[in-house]
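Below is one structure, written out as structure tokens; comments come after it.
Quick note: numbers below take in every heavy atom, side chains included, and nothing from hydrogens, waters or symmetry partners. Numbers here are sequence positions counted from 1.
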Amino acid sequence: MIDFDRTEDPFEWKPGLDALPEFVPTAEYTDLLLRCDAAYADILTDDVLNYRMTDLKAVIDQYMELFHEVEMELKFYERFDRFFYLFDAVHTCYLFMDKEGWNAFFALDDYKKFDMSVERDLTNWLFSYKDLNETIVKHLFYNSDCDCNSHDYYRISHLGIHMHKEDLVQIFEFSTLYTEHYAQLLKQYMDITWEEFLSYTKEDQMYFLRDNLFYYILRSRDKDYAPLP
């Protein structure tokens, strides 16, 4: 067993054993490297990585086993890195699309069950799905300046992976709805003071909104959130 781990520091991996001048590859190493290079070329089919969900799933099904093989060798060798990073990005995108797509579907379904002209229902809905909104923001808004976004595909990964907008319909619909209501509440209550917040009692309608709304106003002012006493 080789006592070596180039990945000990997650922020700065060391050069691999295969970068040493005296490195002599084994038959197993060469076979794995050839398979990784072929997979990398297959996934990286063009300058822009455009996918439909079915295509993304096919890539994952085809190369997941190879990915797990490579995971076992990463701490020793560096020439598998490019396949590892690319496949990991594809897999991360698939998980985002699948999980948050369903979460957006359920959030939109919940939205239809309540009268959102009632402020208490609206703030409860916003607060319930704040984590979903923040996850979506990290993927969509981080990449919002990509030139490709004006066409049929939208970039959702810093590694340049784009998804067809038809596969993003639920996520886009949720994000738009959430943002519009969020902006509406901020515009209405941005000038309220902490003293006014704390002065509400159960006799006031605002009392039942304040915990949820407080979160958004704090976030808009770049402050940490903690529930009101």
Side-chain angles (χ1 to χ4, degrees), residues 1-101 103 131-149 151-164 167-168 171 222 224:
M1 181 64 69
I2 305 172
D3 185 17
F4 177 77
D5 186 354
R6 59 184 286 260
T7 64
E8 278 182 324
D9 182 350
F11 300 104
E12 188 174 355
W13 288 7
K14 301 174 185 176
L17 296 175
D18 48 355
L20 298 174
E22 64 271 21
F23 175 71
V24 178
T26 63
E28 291 80 6
Y29 171 93
T30 301
D31 173 68
L32 183 57
L33 182 61
L34 289 174
R35 287 187 287 132
C36 283
D37 288 347
Y40 180 85
D42 185 41
I43 298 171
L44 199 67
T45 53
D46 208 339
D47 292 336
V48 179
L49 291 169
N50 291 339
Y51 283 101
R52 296 299 305 258
M53 273 296 281
T54 51
D55 302 327
L56 212 58
K57 181 66 163 57
V59 168
I60 298 214
D61 289 344
Q62 184 174 357
Y63 294 118
M64 180 61 82
E65 187 175 339
L66 177 60
F67 178 74
H68 288 317
E69 280 188 68
V70 167
E71 278 187 305
M72 304 296 292
E73 304 298 330
L74 278 181
K75 69 178 186 177
F76 304 122
Y77 308 115
E78 67 178 48
R79 293 183 65 189
F80 305 123
D81 285 359
R82 67 174 189 165
F83 163 74
F84 177 84
Y85 284 128
L86 180 58
F87 183 87
D88 185 60
V90 169
H91 189 222
T92 300
C93 287
Y94 177 79
L95 292 177
F96 164 75
M97 292 291 297
D98 185 56
K99 179 182 177 183
E100 309 314 341
N103 285 339
D131 291 340
L132 172 60
N133 179 64
E134 289 172 6
T135 299
I136 289 173
V137 164
K138 289 175 185 176
H139 283 79
L140 299 189
F141 294 167
Y142 178 81
N143 300 288
S144 61
D145 59 346
C146 181
D147 293 339
C148 304
N149 294 343
H151 305 299
D152 292 335
Y153 289 84
Y154 194 98
R155 181 174 173 173
I156 66 169
S157 163
H158 68 281
L159 286 182
I161 296 174
H162 299 67
M163 294 302 301
H164 199 283
D167 293 322
L168 285 161
I171 288 173
D222 294 323
D224 292 332

Look at the rings of Phe80 and Tyr77 and say which category their plane angle falls in: under 30° parallel, 30 to 60° tilted, over 60° perpendicular. perpendicular
Over 60° means perpendicular and under 30° means parallel, so classify the ring planes of Trp13 and Phe84, tilted if in between. tilted
Side-chain (Arg6) to main-chain (Leu74) donor-acceptor, under 3.5 angstrom: yes
Which heavy atom of Phe87 sits nearest a heavy atom of Val59, and at what distance? CE1-O, 3.8 Å
Please name the pair of heavy atoms, one in Phe83 and one in Ile43, separated by the smallest distance, quoted to 0.1 Å. CE1-CD1, 4.2 Å
So CD of Glu78 and CG of Leu20: to nearest 0.5 Å the spacing works out to 9.0 Å
To the nearest 0.5 Å, what is the distance between CE on Met163 and CG on Asp152? 13.0 Å
Looking only at heavy atoms, the pair that brings Cys93 and Leu56 closest together is C-CD2, 4.1 Å
To the nearest 0.5 Å, what is the distance between CD on Glu28 and CD on Glu73? 9.5 Å
Taking only Lys NZ, Arg NE, NH1 and NH2, and the carboxylate oxygens of Asp or Glu, determine whether Asp37 and Arg82 approach each other closer than 4.0 Å. yes
Please list, chain by chain and in numerical order, all residues satisfying side-chain hydrogen bond (donor to acceptor under 3.5 Å, both in side chains) with Tyr29, sequence neighbours excluded. Asp18
State, without any angle test, whether His68 and Glu71 hold a side-chain donor-acceptor pair at a distance under 3.5 Å. yes
Could you go through Lys57 and Thr54, starting from their C-alpha distance and side-chain angles, then the distance that decides it, and tell me whether this counts as side chain to side chain contact (heavy atoms under 4.5 Å, CB included)? CA-CA 5 Å; Lys57 181 66 163 57; Thr54 51; 5.8 Å; no
Drop me the distance from Ile171's CD1 to Ile156's CD1, to the nearest 0.5 angstrom. 7.5 Å
Measure the CG-CG distance between Leu49 and Asp55 for me, rounded to the nearest 0.5 Å. 11.5 Å
With heavy-atom distances below 4.5 Å as the criterion, would you say the side chains of Met53 and His164 are in contact? no
Is it the case that the side chains of Asp167 and Tyr51 hold a donor-acceptor pair, with the cut-off being a distance below 3.5 Å and no angle test? no
Tyr63 vs Val90 side-chain heavy atoms within contact, under 4.5 Å: no
Minimum heavy-atom separation for Ala39 and Leu66, please, with both atom names. CB-CD2, 3.8 Å
Going by side-chain hydrogen bond (donor to acceptor under 3.5 Å, both in side chains), name the residues that satisfy it together with Glu69, two or more places apart in sequence or in a different chain. Arg35
When rounded to the nearest 0.5 angstrom, what is the spacing between CG in Leu168 and CD in Glu100? 12.0 Å
